Amino acid sequence: MCAAGNPIVSALLRQNVLLRSVVAIRSWNTALAPLSKSNSSAQWQSRSFSSDAGATVTGASAASATAPAQISHPKTVSDFQELYEATKKKFQSKKLPVDVHPDAVFACNELDLSEVQVYGFDYDYTLACYKPILEDLLYNLAREMLVKRFRYPDDILELEYEPNFAVRGLHYDVEKGLLVKLDSFLQLQLGSVYRGRTKVEADEVLKLYHNRLLPIAYVEGPNNSYRHNTNSKMVQLADLFSVPEMCLLCNVIEYFERNRIDYNPEIVFHDVRTAMGSCHPIMHGKVMLNTEKYIERNPKLVKFFEKLQQAGKNLFLVTNSPYSFVNCGMSWLVGSNWRDFFDVVIVQARKPKFFTDESRPIRLFDERTQSHLWDRVFKLEKGKIYYEGSVRQLQELKGWRGHSVLYFGDHPYSDLADVTLKHSWRTGAIISELAHEIKTLNRVDFKMSANWLQMLTQLIEETQDDESEAAQKCLRDWMDERDQLRNKTKNVFNEQFGSVFRTYHNPTYFSRRLFRFADIYTSDITNLLKFSTTHTFYPRRGVMPHEYASHFI
């Protein structure tokens, strides 16, 4: 298996970059064999698609589909329709992209594991991956707290959790009360803007924002910080714990809207966020009582730790969760001796402050009294539990610095941003949604739609400057079909918001940050088991807009 740079961005283009020259439209002097619209339509409907990776589309022979013909300077509607049908015939003759391996490790930046001596880990959604039922638990606990503590209407208790409503990485506009999806250029994805559970149409969105492209200060605050700024108008919901939070937020707003109850969207957001955060200790207790119900078993985890230990690597754990919760989960996942694998264990670290604060002392945690001692910590010892502290102290006391440290987490900001930007650690992101995303990418119907979308877009691009009535009529039809294809390729991931990693065509804001702060990313930490501890992950060389369509012409 090879490491890849960005599967979500490149999978649509891989093995299809040559399609940009499928029809010699640029000169209008060469084209594919002209076909009657009725005959080609019948052939199109009679074709069968193989489900094997790399399979070709079967049907009429490739020779007849690609027989050359001359269409000199198309002028009539019929001429443009022949170009369209010829393009579709070429599309039908092409092989589909090979499947993306669901257990692959993808490289954003070159990473040589032989340089890594220390492996660090977050706990939640990195070592311990939770079953979907945990989202229901968090949602129900926060919903009950809204009613009992914040005195929201009792009818709120009837609002059920919808696990397929939201995806990670969305932004909530605290001023306008809208849940939106942004791309890497801060453009709104029209069709994915919601007030409560109701989609806001494009005309209203443009009226509210006056532009599809948002100012950076509006999204990130005046300091353009990668972390939420209190002066920004938007909050990004970037971890998996935020998915039930977004659903509860939208359900409450939908209730207020439908019942014509006046509300302040910013107050509702802060109430929901406070309720969700306050219910985490309750959630911890319930998970500890029935660990198997909430945490996915990972039989490869012990083998992974043993492999690193046998290679002479140091391991440490830094998590925001309390020790009792981590101990319960790790004992179930690894065994009661789980601490033997780790040289340092720090709990309730309060990331990202652990990575940014300079003056917070590391404290020793007393397991017997379940309290924090006031003794000064001069060294970090294996087998002991530590509390709070800072990365500066961790580095000073252990001598672990720079590119010799590789830290894994699930949150691009609180886990990865500061350690790579300020401390030059290497980083790995565990993105569990990759399993669903790759499964969708590998669907034959998705590959067909994505490939045809690329070729149709190229046809539109090369025809759009022809101002003749015939060309413009066909362009309108082609644009309508393109819009339908864009929605189709979006909806297969999530009907409301599409893929976590891309908008219709651009990478999402979440992807942009992930690729900046993570050297590698994968769906599960144990996917690294198949690689040696001296393996080098190489990013794929992407094609920039000004370069050749492909280096393998």
Side-chain angles (χ1 to χ4, degrees), residues 8 102 121-143 161-172 179 181 227-228 235-251 269 272-273 275-284 286-287 291 293-298 301 318-321 325-326 329 333 349 351-352 407-417 427-440 493-494 496-501 508-511 513-514 517-518 521-527:
I8 309 304
F121 305 93
D122 182 28
Y123 174 71
D124 296 297
Y125 285 110
T126 301
L127 298 181
C129 293
Y130 298 99
K131 297 178 180 179
I133 194 173
L134 183 77
E135 296 178 8
D136 291 87
L137 174 62
L138 282 169
Y139 177 92
N140 293 336
L141 290 172
R143 179 185 60 184
Y161 178 54
E162 175 48 62
N164 297 319
F165 172 68
V167 298
R168 181 182 3 186
L170 303 177
H171 282 76
Y172 179 72
L179 190 63
K181 184 178 181 183
R227 196 174 295 110
H228 173 58
V235 178
Q236 189 181 22
L237 302 148
D239 64 12
L240 285 175
F241 286 129
S242 67
V243 174
E245 178 183 347
M246 285 183 273
C247 185
L248 180 58
L249 176 64
C250 289
N251 278 347
F269 167 75
V272 169
R273 169 146 290 192
M276 190 64 68
S278 299
C279 73
H280 271 248
I282 305 172
M283 177 270 287
H284 291 159
K286 291 185 177 294
V287 172
T291 306
K293 180 179 178 181
Y294 294 102
I295 299 181
E296 297 276 6
R297 174 73 80 178
N298 190 343
L301 198 56
V318 175
T319 175
N320 287 347
S321 294
F325 181 65
V326 175
L333 286 166
K351 295 177 294 180
Y407 184 75
F408 290 93
D410 69 295
H411 197 301
Y413 308 150
S414 63
D415 287 329
L416 308 180
T427 52
I430 305 302
I431 310 296
S432 60
E433 300 98 310
L434 267 176
H436 167 67
E437 296 269 341
I438 292 174
K439 182 180 179 181
T440 304
F493 293 97
N494 175 280
Q496 292 75 230
F497 298 99
S499 168
V500 174
F501 296 89
T508 59
Y509 185 96
F510 176 82
S511 291
R513 295 311 182 89
L514 173 67
F517 300 139
Y521 65 100
T522 187
S523 60
D524 189 287
I525 189 68
T526 57
N527 290 341

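All values reported here derive from a predicted model rather than from experimental measurement. What's counted below: heavy atoms across the whole structure, side chains too, no hydrogens, waters or symmetry copies.
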Residues passing the side-chain hydrogen bond (donor to acceptor under 3.5 Å, both in side chains) test with N140, sequence neighbours excluded, are R143
Item to complete: Begin with the C-alpha distance, continue with both residues' side-chain angles, and end with the deciding distance and a verdict on side-chain contact (heavy atoms from CB on, under 4.5 Å) for Y161 and L248.
Response: CA-CA 7 Å; Y161 178 54; L248 180 58; over 6 Å; no
For this session: Could you tell me whether K131 atom NZ has more than 12 heavy atoms of other residues or ligands within 6.0 Å of it?
Result: yes
key: Note, F165 side chain near N494 side chain (heavy atom, < 4.5 Å)   = no
Closest non-hydrogen contact found for A238 with P412 is O-CD, 4.1 Å
Verdict with reasoning, D124 to Y130, per side chain to side chain donor-acceptor pair (under 3.5 Å): CA-CA 8 Å; D124 296 297; Y130 298 99; 2.4 Å; yes
Only one of F269, F510, Y509 passes ring pair (Phe, Tyr, Trp, His ring centres under 6.0 Å) with H171, and that residue is Y509
Contact check, side chains of D122 and L127, non-hydrogen atoms, under 4.5 Å
no
Residues passing the side-chain hydrogen bond (donor to acceptor under 3.5 Å, both in side chains) test with Y294, sequence neighbours excluded, are none
side-chain hydrogen bond (donor to acceptor under 3.5 Å, both in side chains) filter on T427, not counting sequence neighbours, yields none
Checklist entry - Between the main-chain N or O of V326 and the side-chain N or O of S321, is there a donor-acceptor pair closer than 3.5 Å? => result no
Note: S523 and A435 closest approach over all heavy atoms is CB-N, 4.1 Å
Taken to the nearest 0.5 Å, the spacing of I430 CD1 from D410 CG works out to 8.5 Å
Quick one, I525 and L301 - any side-chain contact, counting heavy atoms below 4.5 Å?
yes
d(L240 CG, E245 CD) to nearest 0.5 Å is 12.5 Å
Under 4.5 Å between any side-chain heavy atoms of R273 and V235, yes or no?
yes
- Item | Any side-chain heavy-atom pair of Y413 and Q236 under 4.5 Å | yes
*asked:* As a quick check of understanding, evaluate salt bridge (Lys or Arg N to Asp or Glu O under 4.0 Å) for K351 and D415, giving each step before the final call.
replied: CA-CA 7 Å; K351 295 177 294 180; D415 287 329; 2.7 Å; yes
Closest non-hydrogen contact found for S499 with K181 is O-NZ, 2.5 Å
Apply the test side-chain contact (heavy atoms from CB on, under 4.5 Å) to residues R168 and I431: give CA-CA distance (whole Å), side-chain angles for both, the deciding distance (0.1 Å), then the verdict. CA-CA 10 Å; R168 181 182 3 186; I431 310 296; 3.8 Å; yes
- Min side-chain heavy-atom separation H280-L141 under 4.5 Å: no
Per side-chain contact (heavy atoms from CB on, under 4.5 Å), M246 is matched among V167, L170, V272 by L170
What one should report as the nearest heavy-atom pair of A518 and L416 is CB-CD1, 4.1 Å
Exercise. Would you call the rings of F121 and F408 parallel, tilted or perpendicular, where under 30° means parallel and over 60° means perpendicular?
Worked result: parallel
Taking it one step at a time, do F241 and Y125 satisfy ring pair (Phe, Tyr, Trp, His ring centres under 6.0 Å)?
CA-CA 9 Å; F241 286 129; Y125 285 110; 5.1 Å; yes
* To do: I would like to know whether F501 and L514 meet side-chain contact (heavy atoms from CB on, under 4.5 Å); could you show each step before the answer?
  => CA-CA 9 Å; F501 296 89; L514 173 67; 3.7 Å; yes
Q | Side-chain touch L134/K293, heavy atoms, less than 4.5 angstrom | A | no
Output for pair (C129 SG, I295 CD1), nearest 0.5 Å, gives 9.5 Å
Rounding to 0.5 Å, atoms OH (Y172) and SG (C250) come to a distance of 8.0 Å
Distance col, row N164:CG vs H436:NE2, nearest 0.5 angstrom, shows 8.0 Å
- prompt: Side-chain contact, heavy-atom cut-off 4.5 Å: C279 with L138?
  reply: yes
Here the gap from L237 atom CG to L179 atom CG, rounded to the nearest 0.5 Å, amounts to 7.0 Å
